[in-house]
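A short worksheet on the structure shown next.
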Amino acid sequence: MSENSTFDQIGDLLRRHQSFVILSHVRPDGDAIGSQIALGFALEAVGKSVRLINEDGLPDNLAFMAGSDRIETPPADPVDCEVVIALDTATKPRLGDAALHAASAGKVWINIDHHVSNPRYGDFNYIDSTSPATGQILYELITALDLPCPAETRDAIYVAVSTDTGSFQYPSTTAKTYEMAAELIKRGLDVGKINELIYDNHPFRRVELMRALLNTLERSADGRVAWWQMLDQTRVDLELRPEDSEGLIDIVRAIRGVQVAVFFEELPDGKIRVSMRSKDRRVDVCKIGQEFGGGGHALAAGIRMKGPLEEAKALVLAAIDRSVKAANF
Ligand code: 5GP
Ligand code: MN
């Protein structure tokens with residue numbers, strides 16, 4: 001299905017069915033977990049039965065979120081459910097094998113996302129690549145359908161949108177985003193408290209990781225591309241968790257003159273995770289990611305690719321160099 005379903009069509013499905021499994025992507029971030037909690041609690045408030053499943057479970061940095069104890073790792077057997085809702089997940093495999101198995105009894109698939117590269121793998125799809133976060137789409141859906149917005153939903157939408165916009169800073173942030181944030185505050189959101197929990201609450205090991213990464217920082221000769229890297233041994237030495245590196249790439253992105261920031265991470269299975277940020281749509285990192293089987297957004301994208309690290313780096317940096325040269329800044 002290439003067209004978006006309407007909110008009314010999605011609302012009709014939500015009304016007609018009783019049991020839902022809500023999924024989000026592997027290595028979940030604030031938008032993934034926030035979206036699951038937001039929609040899950042809104043549906044429960046109208047009497048639906050809901051399971052919130054994530055391949056990798058709840059990351060430690062989001063355990064402060066009200067309702068986060070409802071995020072489960074996939075049970076071994078398929079969950080009895082009518083409808084599966086995939087949120088914030090650019091491709092079906094990014095939901096994870098175990099999560100896909102747990103959701104395999106679902107008859108109808110709804111896919112709600114903001115990734116431009118999403119191939120519309122649901123029976124019903126709502127992909128809005130102009131939205132800065134899946135959480136913002138869900139706020140629009142919930143208000144359009146007049147669904148309840150309990151405190152868990154309200155706070156989760158704020159976390160989803162704040163984390164995916166770099167605290168309302170990225171160019172994807174729109175007037176609607178700020179209007180929505182204002183409405184959430186009017187609905188009782190404690191903005192100081194929630195920001196403290198999101199941003200001023202890092203484990204010390206994350207700062208140690210920052211120190212290790214800074215030692216590896218490199219720049220292209222013209223200063224337009226900057227990158228750093230993390231060996232798997234660093235994860236072992238510092239006892240890191242996957243979420244510890246979340247958002248650190250913004251330090252590289254914030255360097256004057258840098259158009260593209262890249263983070264190369266060696267994974268325990270030998271694959272390389274690449275995280276890219278661009279400051280200008282002329283260098284579309286989603287397109288660069290797609291050259292290597294990854295994807296995301298024009299200004300923020302990722303890849304999981306074959307190692308070893310030095311080979312992956314050479315390939316990706318060469319592709320970025322071509323794109324920066326073509327942009328002709
Ligand atoms: P991050 O760099 O924060 O991990 O990801 C940036 C964006 O790219 C996110 O929207 C994320 O969903 C997407 N992304 C990250 N890694 C991958 C990947 O391996 N494949 C695809 N298709 N998208 C990715
Ligand atoms: Mn997102």
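All ligand and atom numbering here is 1-based and tracks the order in the structure. Quick note: numbers below take in every heavy atom, side chains included, and nothing from hydrogens, waters or symmetry partners. Remember, it's a predicted structure, so these values are computed and weren't measured experimentally.
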message = Assess the residue pair Met230 and Arg273 against the criterion (side-chain contact (heavy atoms from CB on, under 4.5 Å)); give the C-alpha distance rounded to whole Å, side-chain angles, the decisive distance to 0.1 Å, and a yes or no.
response = CA-CA 10 Å; Met230 180 179 137; Arg273 173 175 170 264; over 6 Å; no
Looking only at protein heavy atoms, which one is nearest to [atom], and what is the separation?
atom	result
atom 2 (O) of ligand 1	Ser275 OG, 2.3 Å
atom 12 (O) of ligand 1	His115 NE2, 3.0 Å
atom 15 (C) of ligand 1	Gly302 CA, 3.4 Å
atom 4 (O) of ligand 1	Arg273 NH2, 3.0 Å
atom 22 (N) of ligand 1	Gly295 N, 3.3 Å
atom 6 (C) of ligand 1	Arg277 NH1, 3.7 Å
atom 7 (C) of ligand 1	Ala300 O, 3.5 Å

ask   = Shared ILVMFWY cluster between Val50 and Tyr139, side chains joined below 4.5 angstrom?
value =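 Linked, Val50 and Tyr139 end up in one cluster.
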Just one of [options] clears the side chain to side chain contact (heavy atoms under 4.5 Å, CB included) bar with [X], so which one?
X	options	result
Val283	Val324, Val225, Leu299	Val324
Asp284	Lys287, Arg281, Arg282	Lys287
Ser24	Asn54, Asp31, Asp113, Ile53	Asn54

query = Can you tell which part of Ile303 has a heavy atom less than 4.0 Å from ligand 1: side chain, backbone, both or neither?
reply =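 For Ile303, the contact with ligand 1 is made by the backbone alone.
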message = Please classify the His25 to ligand 1 contact at 4.0 Å (heavy-atom distances, strictly less than): side chain, backbone, both or neither.
response =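 Looking at His25 and ligand 1, no heavy atom falls under 4.0 Å.
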task = Would you check if there is a donor-acceptor pair between the side chains of Gln18 and Ser49 at a distance under 3.5 Å?
result =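 The answer is no; no qualifying pair exists.
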ask   = Picking from Arg206, Arg235, Arg205, what satisfies salt bridge (Lys or Arg N to Asp or Glu O under 4.0 Å) with Asp244?
value =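 It is Arg205; the other options fail the test.
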key: Best match, Met276, Arg304, Arg94: closest heavy atom to atom 17 (C) of ligand 1   =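 It is Arg94 whose heavy atom sits nearest to atom 17 (C) of ligand 1.
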inquiry  = Can you name the atoms of ligand 1, numbered from 1 with element, that are less than 4.0 Å from a heavy atom of His297?
reply    =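 The atoms of ligand 1 under 4.0 Å from a heavy atom of His297 are 10 (O).
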task = Provide the number and element of each atom of ligand 1 under 4.0 Å from a heavy atom of Gly296.
result =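 In order of number, 8 (O), 13 (C), 23 (N).
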inquiry  = Before you tell me yes or no, could you show the steps for Lys176 and Glu183 under salt bridge (charged side-chain N to carboxylate O under 4.0 Å, His left out), namely the whole-Å CA-CA distance, both residues' side-chain angles and the distance that decides it to 0.1 Å?
reply    = CA-CA 10 Å; Lys176 260 197 211 169; Glu183 284 175 30; over 6 Å; no
ask   = Under 2.8 Å from the Mn ion (ligand 2), how many protein N, O or S atoms can be found?
value =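 My tally for this metal is 4.
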ask   = Heavy-atom count around Lys271 NZ within 6.0 Å, excluding the residue itself: above 12?
value =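 Incorrect, the count does not exceed 12.
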inquiry  = Classify the ring geometry of His115 against His25: parallel below 30°, tilted from 30° to 60°, perpendicular beyond 60°.
reply    =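 Taking His25 first and then His115, their aromatic rings stand perpendicular (interplane angle over 60°).
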inquiry  = Tell me whether the rings of His114 and His297 are parallel (<30°), tilted (30 to 60°) or perpendicular (>60°).
reply    =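 Correct class here is tilted.
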message = Looking at ligand 1, is there an atom of it that comes within less than 4.0 Å of some heavy atom belonging to Ala301?
response =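 Ala301: in contact with ligand 1 (<4.0 Å).
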task = Show your reasoning for whether salt bridge (charged side-chain N to carboxylate O under 4.0 Å, His left out) applies to Arg16 and Glu82.
result = CA-CA 10 Å; Arg16 285 208 328 263; Glu82 296 162 274; over 6 Å; no
